[in-house]
Amino acid sequence: MPVTADSRVELHPLHFKDEGAGQWIVGRTDTGEFVEVPAEAAAFLRALAGGADLGGACERVQGEHGVDIDAASFVDDLVGLGFVARLDGVGVGEPPPPTSLRWLRPEHVRWLFRWPLLAAVYLFVLAGVVAAARRGDPIPGFRAYFVTDSQSVNLAWNTAMVLTAIAIHEFWHLAAARADGVHARFGLGTRLQVLVAETTVSGLWGAPRRVRFRVYLAGVTSDLVIIAGCSLAIDACAPSGFALRSLHALTLGLLLSIAQQFALYMRTDMYFVLQELLGCKNLYADSWQYVRYVAQKAAAVSGRPRPLNPLDEVPFRERRSIRIYSWLMVLGSFASVALFLFYEGPILLHLFIKAGRQAFDGVTSGDGVRIADGITVFAVEGTLQVLFLRLFIAKHAPKLRAALDRRSNRRE
């Protein structure tokens, strides 16, 4: 729909945050779409949000900042960002995805994040660490994974325990966001070759810094509480056999999960903590753009114009962090993919081959236990791998098609 000087523009509810130095962060908390704009653009948006027409909004900007705005072009950009709800009375765009657990209200969970209770949580975690240190087993060995003699039971039981802990981990991300009224929803995604559960906290850009830290750290804190609970349960109840081995296996699984959060070359919980500490707005995306620029610059043919350095558009204080992080991201990504190709992939392939042989042998010999073992491996790991492939293709196929289209257009 064309935008003219007489168009009537109705915006979705927008959040405005003054970043200082004449810059504002503006965006929708329900979709997570935020942009940084100059003060005159923020004034224009505030005028539209207050009910002014395009002419009135332009007059306000002229009066406050002494500059003219190309209103029609700017509104076209706003439509692309999803900020416009109606244009000349006609609805624009798609509704945002609904938040998860809509019944959970801020007052239900806000009290859980007050300092007296947080102090109690940290003391509980410390007590669990002390108990494990006194027993001399703060970190279980790899054999803790093997809860029973049956490999299929080990796989199914460990998967069930870790998935339950992951669900709790993600719930606390959402609860920490909901405590401050921030829009959040559950989902699944991929990081390189890894299938992950994730909580999309779309409105976090507009939240205070302390709230952002609270949301980022809520999941790891949940993991530490469960680990401490396992440790204290071993001391208090003195379990044995399957129960004891299960507590050790869950502890091991969660410690490995926490270690993965420190894979800072991916957008893990601790990556977002690092980004916040460095004061960067989009460390991962800016670093990838810089990596692509360096690669294009190295491959540039003599006589052709050199690519533009994307760091020229980034605040000066962020540039050093982006340069350093870009190396960490490239090296970490290569290491992660190499680990999959030389270790995780072959192990997974061997697991499926062995499970297939076991199921086949069970069929030929009439051994139901062996059949169940083989089928369980395929059911658990096969489901996870198929889910990963579907999400990976859905995530990357549009980018691949766009790259192929650009290449085709250049040839023409």
Side-chain angles (χ1 to χ4, degrees), residues 137 139-171 186-198 219 222-223 226-227 229-231 233-234 237-260 336-337 339-395:
D137 62 349
I139 302 177
F142 75 92
R143 290 184 179 83
Y145 175 86
F146 302 100
V147 179
T148 72
D149 293 331
S150 169
Q151 300 312 306
S152 62
V153 173
N154 290 333
L155 178 63
W157 183 238
N158 277 279
T159 300
M161 287 194 297
V162 171
L163 287 180
T164 301
I166 288 174
I168 297 170
H169 173 115
E170 299 302 328
F171 168 80
F186 297 134
L188 293 172
T190 62
R191 297 183 191 134
L192 292 178
Q193 79 281 7
V194 183
L195 174 69
V196 293
E198 57 189 13
S222 167
D223 295 341
I226 295 174
I227 291 171
C230 291
S231 177
I234 291 172
C237 304
S240 61
F242 181 80
L244 177 61
R245 292 193 296 272
S246 294
L247 291 173
H248 281 147
L250 179 56
T251 299
L252 176 63
L254 287 176
L255 286 173
L256 292 174
S257 178
I258 292 173
Q260 289 175 354
S336 185
V337 172
L339 184 66
F340 175 78
L341 291 176
F342 292 103
Y343 290 94
E344 295 172 359
I347 289 172
L348 193 61
L349 181 61
H350 180 73
L351 182 67
F352 282 129
I353 292 173
K354 188 174 180 180
R357 287 175 178 169
Q358 194 165 15
F360 179 78
D361 291 343
V363 170
T364 56
S365 64
D367 188 341
V369 174
R370 301 189 74 177
I371 295 173
D373 273 359
I375 291 176
T376 300
V377 171
F378 277 104
V380 175
E381 277 299 328
T383 299
L384 293 175
Q385 296 308 316
V386 168
L387 187 56
F388 166 79
L389 287 173
R390 288 189 61 182
L391 291 169
F392 186 87
I393 292 170
K395 178 179 179 180

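Computed from a predicted structure; not experimentally measured.
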Query raised in the report: When you measure from the side chain of Thr251 to the backbone N and O of Leu247, does any donor-acceptor pair fall under 3.5 Å?
Result: yes
Report task. Rounded to the nearest 0.5 Å, what's the gap from CG on Leu163 to CG on Leu384? Could you check? Result -> 6.5 Å
Report task. Take Val162 and Ser257 through the side chain to side chain contact (heavy atoms under 4.5 Å, CB included) test and state the conclusion after the steps. Result -> CA-CA 9 Å; Val162 171; Ser257 178; 5.8 Å; no
Report task. Working to the nearest 0.5 Å, report the span between CE of Met161 and CG of Leu252. Result -> 9.5 Å
Requested in this report: Any chance you could measure Gln358, atom CD, to Asp367, atom CG, to the nearest 0.5 Å?
Outcome: 8.5 Å
Query raised in the report: Can you name the side chain to side chain contact (heavy atoms under 4.5 Å, CB included) partners of Val147, sequence neighbours left out?
Result: Asn154, Trp157, Asn158, Phe242, Arg245, Ser246, Ala249
Report task. Please identify each residue that fulfils salt bridge (charged side-chain N to carboxylate O under 4.0 Å, His left out) with Asp137, with sequence neighbours left out. Result -> Arg135
Query raised in the report: Please walk me through it: do His169 and Leu254 pass side chain to side chain contact (heavy atoms under 4.5 Å, CB included)?
Result: CA-CA 10 Å; His169 173 115; Leu254 287 176; over 6 Å; no
Query raised in the report: When you check the side-chain N and O atoms of Ser150 and Thr148, is any donor under 3.5 Å from an acceptor?
Result: no
Requested in this report: Report the C-alpha distance between Ile371 and Val363 in whole Å, list the side-chain angles of each, state the deciding distance to 0.1 Å, and finish with yes or no for side chain to side chain contact (heavy atoms under 4.5 Å, CB included).
Outcome: CA-CA 6 Å; Ile371 295 173; Val363 170; 4.0 Å; yes
**Report entry** Asp223 CG to Ile227 CD1 distance, which is reported to the nearest 0.5 Å
**Finding:** 6.5 Å
Query - Residue pair Val153 / Phe146, side-chain heavy-atom distance below 4.5 Å - result: no
Requested in this report: Considering non-hydrogen atoms only, spot the tightest contact between Leu250 and Cys230 and give its length.
Outcome: CD2-SG, 3.8 Å
Requested in this report: For atom CD1 of Ile353, decide whether the heavy atoms of other residues, nucleotides or ligands shown that lie under 6.0 angstrom number more than 12.
Outcome: yes
**Report entry** Glu170 versus Glu198, closest heavy-atom pair with distance
**Finding:** OE1-C, 3.4 Å
Query raised in the report: If you take all heavy atoms of Ala233 and Pro239, which pair is closest and at what distance?
Result: O-CD, 3.8 Å
Report task. Compare every heavy atom of Leu255 with every heavy atom of Pro140, then report the nearest pair and how far apart it is. Result -> CD-CD1, 3.9 Å
